Amino acid sequence: MAGGAGVVYDCHLHPLGHEGGFYQAERLRPFIEEALRKGLTGVGFTDHDWFVDHLDYRTVSLLQEEYQEIDLLFGLEVDYRPGREEKIREMISSQPFDYVIGSVHEIDGWPFDHPEAMEEYKNRDVKLLYKQYFSLLRQMVTSGLFQIVGHLDLIKVFGYRLPGGAVHLAEPVLREIKKYRMVVEINTNGLYKPVGEIYPAKDILIRCFQLGIPVTLSSDAHQAGAVGRDFPRARSLLKEIGYNSIAYFRQGIFYQMPL
Ligand code: ZN
Ligand code: FE
Ligand code: FE
């Protein structure tokens, strides 16, 4: 297998991209084919909740019958915003999701990870931004609605960093993640953003390991070619830190397999 020994799941894929449309087998198939080429054990389809009404677990079930050699999971990536909890709860129970990724993409209505939002960083105090971001993330975690924390330090996306890193500001969130038995994803998509770094940063990942927080692997692929992208690199980073297993969820149940 191209992925080497061990189990490799890619738990964060967007077959509908940002275009949406119908959840047809033809949209998912190229992602599965790429996963097979890369030797992955399984993949999870986690389109944005903007498209929740178009998602259909039956598409994934049918494909699972066709592709017995790979494990297919059906999930969702939700935009967390305070006050949206009821709506989110409704969305989550509307379909039999295997798991749900909680992500913060917005600070007080400002979509801080959009390229068009980049100008606004110049008007902001970076340390305050990090504090606001992690406080929202903490609310996301303690809502108890999600299994996986999406791109934990996304606020670094355009390269605005704190001298000395963000691990101290992240600490209270990490403790809640542990308490709520959530999983942190190693998201390789950050390598293709201006920051040019995996989410989360290595110092945060080391702290996750110390706290005993399980991890999963994510490409956050919006096109099939990006499935499993840079996973060998992500896996060696995890092994270097001390991790020897990765997590995934099926029907909401936590599984851990040797990495
Ligand atoms: Zn997206
Ligand atoms: Fe996201
Ligand atoms: Fe995503």
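As the structure lists them, so they are numbered: ligands from 1, and atoms in each ligand from 1. Bear in mind that the values here come from a model prediction, so they are computed numbers and not experimental data.
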inquiry  = Closer than 2.8 Å to the Zn ion (ligand 1): does that hold for any N, O or S atom in His48?
reply    = yes

request  = Please find out if less than 6.0 Å separates the ring center of Tyr23 from that of His54.
outcome  = no

key: Side-chain donor/acceptor of Thr59 to backbone N/O of Leu55, under 3.5 Å   = no

For the Fe ion (ligand 3): the N/O/S atom of His14 at shortest distance = NE2

query = Would Asp125 and Lys127 pass as an ion pair if we require N to O under 4.0 Å?
reply = no

key: Carboxylate-amine/guanidinium proximity below 4.0 Å for Lys193 and Asp220   = no

message = Would you say the ring centers of Tyr133 and Phe112 fall short of 6.0 Å from each other?
response = yes

task = Begin with the C-alpha distance, continue with both residues' side-chain angles, and end with the deciding distance and a verdict on side-chain contact (heavy atoms from CB on, under 4.5 Å) for Leu152 and Phe134.
result = CA-CA 9 Å; Leu152 193 142; Phe134 283 119; 4.0 Å; yes

message = Looking at the Fe ion (ligand 3), is there an N, O or S atom belonging to His222 that lies under 2.8 Å away from it?
response = no

task = Write the atom name of the N, O or S atom in His18 that is nearest the Zn ion (ligand 1).
result = NE2

inquiry  = Could you check, using the six-membered ring where one of them is a Trp, whether Phe45 and Phe74 have ring centers closer than 6.0 angstrom?
reply    = no

ask   = Using a distance threshold of 2.8 Å, what protein N/O/S atoms lie below it relative to the Fe ion (ligand 2)?
value = Glu77 OE2, His105 NE2, His151 NE2

inquiry  = Taking Tyr121 as the starting point, is it possible to reach Leu128 by hopping between hydrophobic residues whose side chains are less than 4.5 Å apart?
reply    = no

